[in-house]
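Here is the structure we will look at, set down as structure tokens.
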Amino acid sequence: MTSKPEVDPRLLEAHDLALAALREITPADTIGEPADVRVEDDGVVSLRFENRLHGYPGWYWTASLARVEDAEPTVLEVELLPGDGALLAPEWVPWAVRLAEYQAAQAAAADGDDPEDDDADDEDEDDDDLDDLDATDFDEDGSPILHAGDLDGVDIDELADDADEDDEDGGDEDGDRDGDDVTADEESGDED
């Protein structure tokens, strides 16, 4: 038979050191009351504290401490570990029982007593309003609509309209009037 090593009383009393180490990895309000102490074969002492994090029932904040010869206690590691049974699935409930509970909840909701359903109806109405929107709704708002082919907010349809107006005014692409090929020298009257 192997006997466990004698526990150093200074490690058992190092709650403040363990709490300080745990507060470095988690907010203080997630650490509960001291739960228990676990002594390992090599003299390491693990102080466990209740966990107050939602979603982790049965888990414990654990700080493992050790002491070498005449030195002060030191923290080896801190972690969140599952307790006995924390990783076990809840008791199985037959499908027929779960279905009956679901149907009862649906019947209660159909009676209209559930205020959450009123909120859901309002959301459905908002979704219906969004489905009815088209491009003219946005134009009335004054919000810009980018058509297919627009780039960086430049309306290429508008640019095409401007080019058509220039053609109707009698100018060609080079900006000449009436299509005549006139050079700048000819316009100023300087002829050689």
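Hydrophobic clustering (ILVMFWY, side-chain heavy atoms < 4.5 Å, transitive): Val37 and Leu17 are in one cluster. By the criterion of side-chain heavy atoms lying less than 4.5 angstrom apart, applied directly or through intervening Ile, Leu, Val, Met, Phe, Trp or Tyr residues, Val78 is grouped together with Leu12 in one hydrophobic cluster.
In this structure, the side chain of Arg98 engages the main chain of Val93 through a donor-acceptor pair within 3.5 Å.
With Phe49 as the fixed residue, the side-chain contact (heavy atoms from CB on, under 4.5 Å) test singles out one of Thr62, Thr30, Asp36, Leu22: Leu22.
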**Message:** Using side-chain contact (heavy atoms from CB on, under 4.5 Å), reason through Leu80 and Tyr56 one step at a time and then give a plain yes or no.
**Reply:** CA-CA 9 Å; Leu80 182 61; Tyr56 291 90; 4.0 Å; yes

**Request:** Run the numbers on Tyr60 and Leu47 for side-chain contact (heavy atoms from CB on, under 4.5 Å), then give the verdict.
**Result:** CA-CA 10 Å; Tyr60 295 92; Leu47 301 176; over 6 Å; no

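Taking all atoms of both residues into account, the shortest heavy-atom contact from Ala35 to Glu50 is CB-OE2, 3.7 Å. Closest of all the heavy-atom pairs between Gly83 and Arg48 is CA-NH1, 4.5 Å. Here the closest heavy-atom approach between residue Gly58 and residue Ala86 is recorded as O-CB, 3.5 Å. Ala71 and Arg10 get closest at one heavy-atom pair: O-NH1, 4.5 Å. For the residue pair Glu79 and Ile25, the shortest heavy atom distance occurs at N-CD1, 4.4 Å.
When the shell of 6.0 Å around CD of Glu33 is examined, it contains 12 or fewer heavy atoms from other residues, nucleotides or ligands.
Chaining together hydrophobic side chains whose heavy atoms lie under 4.5 Å apart places Val44 alongside Leu76.
The distance from the CD atom of Glu72 to the CG atom of Leu11 is 10.5 Å, given to the nearest 0.5 Å.
Contacts of Val68 classified as side chain to side chain contact (heavy atoms under 4.5 Å, CB included), with partners at least two apart in sequence or in another chain: none.
Contact check for Thr26 versus Trp61: side-chain heavy atoms found under the 4.5 Å cut-off.
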